[in-house]
Amino acid sequence: MLITHDTRCALDAVVDLVNTAPEDDTTPDGLSDVASLEEFVRGHDISDVGVLSEFDLSAVRKVRSRFAGIFAATDPRTAAGLINELVAAAGTTPRLTDHDGYDWHIHYFAPGASIADHLAADCGMALAFFVVAGEQERLRRCEAPDCRRAFVDLSRNRSRRYCDSRTCGNRLHVAAYRARRKEAAG
């Protein structure tokens, strides 16, 4: 599956956006205030964003929740329905652009769109490409029992199970190794 630079940027943004949601009552919201939303926008180099407000923060949190539903979808039809609703509500207006030194790419958000509509349109379309390609199962949640972070499995054989193999994957492999050693010793 060919993933263009702008699609990859949108995928990174949607994964990071979903992962800002608190996992439970003990973890903080990664989008706790307008400043954290501004930091998210800067960190993902999201263009055409004006001054952000509490209204924008609330709207982005709602979009984040809808994206989480797409990662939780168990079949392509459900994912497609959720993506269609999200993208339609954003008022998608595809247009070619070559701003800020990037080659030609497509923006799906309408000029002057809110940050929530911007994310819904661009990130929604990036996820739509996976459904269209029959690759919806690549939109996953970490399989570590104490982690439910979202990720997009871009491995060749669709075998990635953890959000980060250096943390979640390694931690589980070490625990399994120790359990085997303990069982062999005792």
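Reckoned from all heavy atoms, side chains included, excluding hydrogens, waters and symmetry mates.
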Student: Side chain of T92, backbone of V87: donor and acceptor closer than 3.5 Å?
Tutor: yes
Student: Identify, with sequence neighbours excluded, every residue that meets salt bridge (Lys or Arg N to Asp or Glu O under 4.0 Å) alongside R141.
Tutor: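 Salt bridge (Lys or Arg N to Asp or Glu O under 4.0 Å) check on R141 returns nothing, list empty.
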Student: Under 3.5 Å, is there a donor-acceptor pair between the D29 and S32 side chains?
Tutor: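 No, no side-chain donor-acceptor contact under 3.5 Å.
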Student: Could you pull out the closest heavy-atom pair between Q136 and P76, with the gap in Å?
Tutor: OE1-N, 3.4 Å
Student: Report, as yes or no, whether the 6.0 Å neighbourhood of atom CG on D75 holds more than 12 heavy atoms from other residues, nucleotides or ligands.
Tutor: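 Correct, the count exceeds 12.
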Student: Using a 4.5 Å cut-off on heavy atoms from C-beta on, say whether the side chain of R8 contacts that of L154.
Tutor: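 Side chain of L154 against side chain of R8, heavy atoms only: contact under 4.5 Å found.
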Student: Checking R95 against F109: charged group under 6.0 Å from the ring centre and within 45 degrees of the axis?
Tutor: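 Verdict for F109: a cation-pi partner in R95.
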Student: Are any of the side-chain heavy atoms of N19 and V15 separated by less than 4.5 Å?
Tutor: yes
Student: To the nearest 0.5 Å, what is the distance between CZ (R140) and CG (D153)?
Tutor: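 These two atoms lie 4.0 Å from each other.
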Student: Pairing donors with acceptors under 3.5 angstrom, does anything connect the side chains of H107 and H118?
Tutor: no
Student: Rounded at 0.5 Å granularity, tell me how far CE in M125 sits from OH in Y108.
Tutor: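 That separation rounds to 4.5 Å.
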Student: Are R148 and E23 close enough for a salt bridge, meaning some N to O gap below 4.0 Å?
Tutor: no
Student: Atom CG in L96, atom NE2 in H105: separation rounded to 0.5 Å?
Tutor: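 One gets 9.0 Å once the value is rounded to the nearest 0.5 Å.
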Student: Donor-acceptor check, side chain of R160 to backbone of Y162, threshold 3.5 angstrom: yes or no?
Tutor: yes
Student: How would you list all residue pairs meeting ring pair (Phe, Tyr, Trp, His ring centres under 6.0 Å) that involve residues 17-46, not counting sequence neighbours?
Tutor: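 Every pair satisfying ring pair (Phe, Tyr, Trp, His ring centres under 6.0 Å) with a residue in residues 17-46: F40-H44.
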Student: Does CG in D24 sit with more than 12 non-hydrogen atoms of other residues, nucleotides or ligands closer than 6.0 Å?
Tutor: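 Above 12, so yes.
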Student: Going by heavy atoms in the side chains, are V34 and D56 under 4.5 Å from each other?
Tutor: no
